[in-house]
Every structure is written in structure tokens, then in C-alpha cells.
Novice: 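This structure is in C-alpha cells; I'll ask about it shortly.
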Amino acid sequence: MQKRTKIKIAIFVLIVGMACMFTAVVTDHWAVLSPRVERVNETCEAAHFGLWKLCKKYIYISEENFVQGHGCGPISLPGEENCTYFRHFTPGQDAEIFDYKTQKEYNISAAAISIFSLAFMIFGSLCLMGSYYLLKPAGMFYAFAGLCCFISLEVMRQSVKRMIESEETIWIEYYYSWSFACACTGFVLLFLTGFALLLLSMPQMPRNPWETCMDAEQDQVE
């Protein structure tokens, strides 16, 4: 396969990875939390959140949805929903809004790192649009974007773990939802494809032991 074709495939994969990462950043289904439900025919409060806001959903548990000892939900059941932004960068307001014992520092870190990831994706895209000779910095930017995405994922995972393990928590169940899956996909595609671009930007190795790198035939990429 020619180098030109490989680069086109890599760019397509990068577009998919960037779309996944952008979707994860702007949506609020990274994690879903549920309290214990003790009785049937009552309303319980589940929650889902992302980097920027927390949504509480009040779900009516009927007999057909009730399972003894399990949590409220599933979150897809109909119910009244109320969402509140975390206001990460507004001093003095986080404690009142984020009342589910999640550590404020975790979410601030995850949100800030995700912004760095988006910035690296923008820089990488500008390099790709600029010139073929900028493939190497483009690959580095995309790989850095993938690393930032991974760090944001880990920070969010630790945030959920800290919340569930708290003695004051009301939550007994949690799971990571589709926004978290989008972020995982974005991390894998951005990091691996960025590394692949770095390899594709390297000079072609000699095909024969008596050739030098300067003598080796170079693939032309328009």
C-alpha cells in the first residue's frame, strides 16, 4: 500500500477519533449513579453527569421495574430531569451546586485536561491542512491529544470511585455510560493514529542493505 493511501486512511481514522472526543466533552453521560430503592411505587432520584453539568432524574418505580436491593433506574425510564452546570471556574459556587460529595478538584482537572485535548486536536488539524512536511508535528499533537483524553478519563474514574466509596454517599450503584465510551474510543484512535502519522512521516528505510537512506526510493505524497 502506498504511503499516500496510508495517510488518507489515518486522516479518516483521526476524524472519527476527533468526533468521538468532541461528543464526549460536550455531553453529560460519563457516569450514571443510583441510590438504593427499598419500596415499590415510589419516586427515586438517579443522576448522570459529565465534565460540565450534573443531571438529576426523578424516576417512578413501578412493580415491573422494581428489583429488591437494586438501584434506581434504569436511567432511560421516563421522569422529570433537572440539570445544573458545575460552574468550574466560578469561585464560591461549586460546593452548593455539587452536593453529591464528588471532589471538586477532580472535575475541574478532568474538564481542564479535556480542553487541552481539544486544543491539541486543533493544532494537529492545522498542521495537516498546512503541508505534508508538517505530518510529524501533526502526529505529535494528535498523540498528545490522546494522552490528555486518557488522563481526563482516569481523573473522572477516580472521581466516581471517590464518590461511591464515601461514607456519606447515597449512591450504591454506578456505571460508565456512552459519553465515557466515546472518550475511550477517542483516546485509542487519536493516540494510535497520531503515532502512526509519526511513523509515516519518517524517511523510507533502504530496501537493500547496500543502499543508503538518501539512495532509497521515496514515495511521493501530494
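As the structure is a computational prediction, the values presented were derived from the model and not from experiment.
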Novice: Can you tell me how far apart CG (L197) and CE (M140) are? Round to the nearest 0.5 Å.
Specialist: 12.5 Å
Novice: Quick test of your reading: applying salt bridge (Lys or Arg N to Asp or Glu O under 4.0 Å), list the pairs with at least one residue in residues 179-193, sequence neighbours left out, ordered by first then second residue.
Specialist: none
Novice: Tell me, please, which residues at least two apart from I122 pass side-chain contact (heavy atoms from CB on, under 4.5 Å).
Specialist: L126
Novice: Verify side chain to side chain contact (heavy atoms under 4.5 Å, CB included) between L128 and L135, making sure each step is shown before the conclusion.
Specialist: CA-CA 6 Å; L128 280 183; L135 274 183; 3.6 Å; yes
Novice: Considering all heavy atoms of both residues, which atom of T193 and which atom of A10 are nearest to each other, and what is their separation?
Specialist: CG2-O, 3.2 Å
Novice: Ignoring hydrogens and geometry, is there a side-chain-to-backbone donor-acceptor pair from S201 to L198 under 3.5 Å?
Specialist: yes
Novice: Does any non-hydrogen side-chain atom of E173 lie less than 4.5 Å from one of L33?
Specialist: no
Novice: Give the table of side-chain donor-acceptor pairs shorter than 3.5 Å for residues 176-189, with sequence neighbours excluded, one pair per line with atom names and distance.
Specialist:
residue, atom, partner, partner atom, Å
S179, OG, T27, OG1, 2.6
S179, OG, H29, N, 3.1
T185, OG1, A181, O, 2.9

Novice: Starting at NZ of K6, measure out to CD1 of I11 and round the result to the nearest 0.5 Å.
Specialist: 14.5 Å
Novice: Just so I know, are the side chains of E81 and H48 near enough to count as touching, which here means a heavy-atom distance under 4.5 Å?
Specialist: yes
Novice: Could you state the interatomic distance from CE (M21) to CE (M121), rounded to the nearest 0.5 Å?
Specialist: 6.0 Å
Novice: Begin with the C-alpha distance, continue with both residues' side-chain angles, and end with the deciding distance and a verdict on side chain to side chain contact (heavy atoms under 4.5 Å, CB included) for D28 and F49.
Specialist: CA-CA 5 Å; D28 48 44; F49 67 94; 5.8 Å; no
Novice: Quick one: pull up CG in L192 and CG in L14 and give me the separation to the nearest 0.5 Å.
Specialist: 10.5 Å
Novice: Taking only residues at least two apart or on different chains, which pairs with a member in residues 108-129 satisfy ring-ring contact (aromatic ring centres under 6.0 Å, His included)?
Specialist: F120-F144, F123-F141
Novice: For I113, enumerate each residue passing the side-chain contact (heavy atoms from CB on, under 4.5 Å) test, keeping only those at least two apart in sequence or located in another chain.
Specialist: C148, I151, S152, V155
Novice: Please enumerate all residues that pass disulfide (SG to SG under 2.5 Å) together with C55, with sequence neighbours excluded.
Specialist: C83
Novice: Determine the minimum heavy-atom distance between A46 and I59, stating which atoms define it.
Specialist: CB-CD1, 4.2 Å
Novice: Going from CE on M156 to OG on S114, what distance comes out if it is rounded to the nearest 0.5 angstrom?
Specialist: 8.5 Å
Novice: Got a sec, which residues hit side chain to side chain donor-acceptor pair (under 3.5 Å) with Q158, two or more places apart in sequence or on another chain?
Specialist: E154
Novice: Quick one: pull up CZ in R4 and CG in L200 and give me the separation to the nearest 0.5 Å.
Specialist: 14.5 Å
Novice: Quick one: list whatever passes side chain to side chain donor-acceptor pair (under 3.5 Å) with S125, sequence neighbours left out.
Specialist: Y142
Novice: Could you tell me whether a side-chain N or O of W52 sits under 3.5 Å from a main-chain N or O of V25, the two making a donor and an acceptor?
Specialist: yes
